[in-house]
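Here's the structure, in C-alpha cells; my notes come after.
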Amino acid sequence: MSSTDPVPDLEAGIQYWATQPANYDGVLGGFGTGSLPRVDSLGSRRFLLDLLPELSTVPSPFRSLSAPPSETRRVRALDVGAGVGRVTSDVLLPLVSDVVLLEPVEPFINEARSRGKASESGLEINDSGYRVLWKGIADRSKSGQPLDRVGYLPQDGDDDMESKFDVIWCQWCLGHLKDDDLVQFLQRSRKALRDARSLIVVKENICREQSEPVTVFDEQDSSFTRSDLAFKNVFRDAGLKIIQEKIQHGLPEGLFPVKMYALREA
Ligand code: SAH
C-alpha cells in the first residue's frame, strides 16, 4: 500500500452502522433472515466447544452437571463490536455465564440489552449500575469508562478480575481498525485474558491473496477486508499465536469466505 491509500476512519465506520436498522438484517448486511445466522452461530459454538469442551452444557467427562454451583467457576466473555447482541445471545450466553458487550451504536446497544433480558438461557441478567459503553474499540485505552454489560453478576472479591475474560469474541468488526490500531487492540485483549486457557476468537471475512498479504478498503463502511496472511501478520505483531483456524462453511454464495481463528499468547 502507498501512503495515499485510504484507511478506515473510525467515526465514519460508526456513522455508517448508525444508519442501519437495529436488527439481524442491519448487522448482517441484509442476510439476517436466511440461513446465515443459524449456520454462523452453530459453526461458532462448535468451534468454541472444540477448544473449550468444559463449556458444554450437556453432561460429559469434562463437566458433571451435578457439581454444586460453588465449584462451577463463572465464565466470562467479551463480545467485541457486538451489534444487536446476536453473537452474545446465539453463541456466548448458551455457553458462558457472563457476557460484556462492546458496542458504540446506541440503538444497537438498546436492542442487545433487551435481547439479553429476553434470553431463554436461564441466566440471571443484571445490567443495573452499568450504563454507557465505551465509544469503540480504539478508545478502550481511555479506561475508566464503564462498559455496558449483559448478564454480568459481580462476584465477591472479583474486583481485580474486572477486566479479565475467558473468551474475547471479535466478529465482523475488526476491519474498522487500521493495522497499528488493530495490533494495539489485540495486545490489550491479550492482556485481558484470564488464564492460559483463555482465548481470543477472530471471525472475519477474508479476501483473496496470491502469496502476499492483501488489504482492501471498503468505502461504504470505511473498513478493511484483510486476506489470511494480512491477519496472520497482525496476530504475530500482537504477540499472539494461532491455536486453531477454520473456514466457516455453509454460508450463502457470493459472500467473502469467513474464517475463524482462535488465538492465545505466543
Ligand atoms: N459482531 C456482530 C455485529 C457485526 S456488525 C455480529 O456478528 O452480529 C459490525 C459492528 O461493529 C456494528 O455493531 C458496529 O457498530 C460495530 N463497530 C463499528 N465500529 C466499531 C468500533 N470502532 N468499535 C466497536 N464496534 C464497532
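Everything numeric in this text was worked out from a predicted model, so none of it was measured.
The heavy-atom pair separating Ser222 from Gly13 by the smallest distance is CB-N, 4.2 Å. In this structure, Gly85 and Ala112 approach most closely via the heavy-atom pair N-CB, 3.7 Å. Taking each heavy atom of Leu49 and Leu55 in turn, the nearest pair found is CD2-C, 3.9 Å. Closest non-hydrogen pair, Arg226 versus Leu177, comes out as NH2-O, 2.7 Å. The two residues Arg86 and Trp172 come nearest to each other via the heavy atoms NH2-CZ3, 3.4 Å. Listed here is the closest heavy atom pair of Ser89 and Tyr24: OG-OH, 3.8 Å.
By the rule that hydrophobic residues join a cluster once side-chain heavy atoms approach within less than 4.5 Å of another member, Ile247 and Phe47 end up as members of separate clusters. Linking Ile, Leu, Val, Met, Phe, Trp and Tyr residues whenever their side-chain heavy atoms come within less than 4.5 Å leaves Val7 and Val216 in two separate clusters. Under the 4.5 Å side-chain heavy-atom criterion for grouping Ile, Leu, Val, Met, Phe, Trp and Tyr, Val234 is not connected to Val214 through any hydrophobic cluster.
Under the 4.5 Å side-chain criterion, counting only non-hydrogen atoms from C-beta, Val91 is not in contact with Leu42. Within the 4.5 Å cutoff, the side chain of Asp5 has no heavy atoms near those of the Phe217 side chain. Side-chain contact check for Pro252 versus Leu36: some heavy-atom pair is nearer than 4.5 Å. Leu263 is not listed as a side-chain neighbour of Ile243, based on a closest heavy-atom distance of 4.5 Å or more. Using a 4.5 Å heavy-atom threshold, the side chains of Gln248 and Val39 count as touching. Using a 4.5 Å cut-off on side-chain heavy atoms (C-beta onward), Ser198 and Phe165 make no contact. In this structure the side chain of Gln20 reaches within 4.5 angstrom of the side chain of Phe108, judged on heavy atoms. For the pair Pro37/Leu28, a side-chain contact is recorded, criterion being any heavy-atom separation below 4.5 Å from C-beta on.
Within the model, atoms CG of Leu186 and CG of Asp181 stand 11.0 Å from one another, a figure rounded to the nearest 0.5 Å. In this structure, Ile14 CD1 and Glu106 CD are separated by 12.0 Å, a value rounded to the nearest 0.5 Å. Rounding to the nearest 0.5 Å gives a distance of 4.0 Å between CD of Gln220 and OH of Tyr16. Rounded to the nearest 0.5 Å, atoms CG (Asp179) and CZ (Phe224) are 6.5 Å apart. Taking CD from Gln15 and CG from Asp221, the interatomic distance works out to 12.5 Å, rounded to the nearest 0.5 Å. Atoms CD and CG, from Gln210 and Leu229 in turn, are 11.5 Å apart once rounded to the nearest 0.5 Å.
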Verdict with reasoning, Asp218 to Ser223, per side chain to side chain donor-acceptor pair (under 3.5 Å):
CA-CA 5 Å; Asp218 180 342; Ser223 73; 4.6 Å; no
Going through the distances and angles, do Ser41 and Val87 end up as a side-chain contact (heavy atoms from CB on, under 4.5 Å)?
CA-CA 7 Å; Ser41 60; Val87 173; over 6 Å; no
Given the rule in the side-chain contact (heavy atoms from CB on, under 4.5 Å) test, do Leu193 and Leu199 qualify, once you have shown the distances and angles that lead to the verdict?
CA-CA 7 Å; Leu193 292 176; Leu199 290 170; 5.7 Å; no
For Leu251 and Phe31, run side-chain contact (heavy atoms from CB on, under 4.5 Å): C-alpha distance rounded to whole Å, both residues' side-chain angles, the deciding distance at 0.1 Å, then the answer.
CA-CA 10 Å; Leu251 296 179; Phe31 284 90; over 6 Å; no
Output, in order, the C-alpha distance, side-chain angles, deciding distance and verdict of side-chain contact (heavy atoms from CB on, under 4.5 Å) for Val167 and Leu48.
CA-CA 9 Å; Val167 177; Leu48 197 52; 4.2 Å; yes
Assess whether salt bridge (Lys or Arg N to Asp or Glu O under 4.0 Å) is satisfied between Arg45 and Asp90, documenting all intermediate values.
CA-CA 9 Å; Arg45 264 146 75 172; Asp90 298 355; over 6 Å; no
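The environment of NZ in Lys232 is crowded: more than 12 heavy-atom neighbours from other residues, nucleotides or ligands sit within 6.0 Å. Counting non-hydrogen atoms of neighbouring residues, nucleotides and ligands closer than 6.0 angstrom, the CZ atom of Arg46 reaches no more than 12 such neighbours. No more than 12 heavy atoms of other residues, nucleotides or ligands sit less than 6.0 Å from atom CZ of Arg38.
Of the possible donor and acceptor atoms, none in the side chain of Arg264 sits under 3.5 Å from a partner among the backbone N and O of Ile200.
Between the side chains of Trp169 and Gln171, at least one donor N or O sits under 3.5 Å from an acceptor N or O.
Partners of Thr225 according to the side chain to side chain donor-acceptor pair (under 3.5 Å) rule, which considers only residues two or more places apart in sequence or in another chain, do not exist here. Under the rule for a side chain to side chain donor-acceptor pair (under 3.5 Å), the partners of Glu265 that lie at least two apart in sequence or sit in another chain are Arg190.
The pair Arg76-Asp166 does not count as a salt bridge, with every side-chain nitrogen at least 4.0 angstrom from each carboxylate oxygen. Remark: Asp228 engages Lys259 in a salt bridge, criterion side-chain N to carboxylate O under 4.0 Å. The pair Asp40-Lys203 meets the salt-bridge criterion, since a charged nitrogen lies less than 4.0 angstrom from a carboxylate oxygen.
Ring orientation note: the planes of Phe231 and Tyr261 are tilted relative to one another, at an angle of 30° to 60°.
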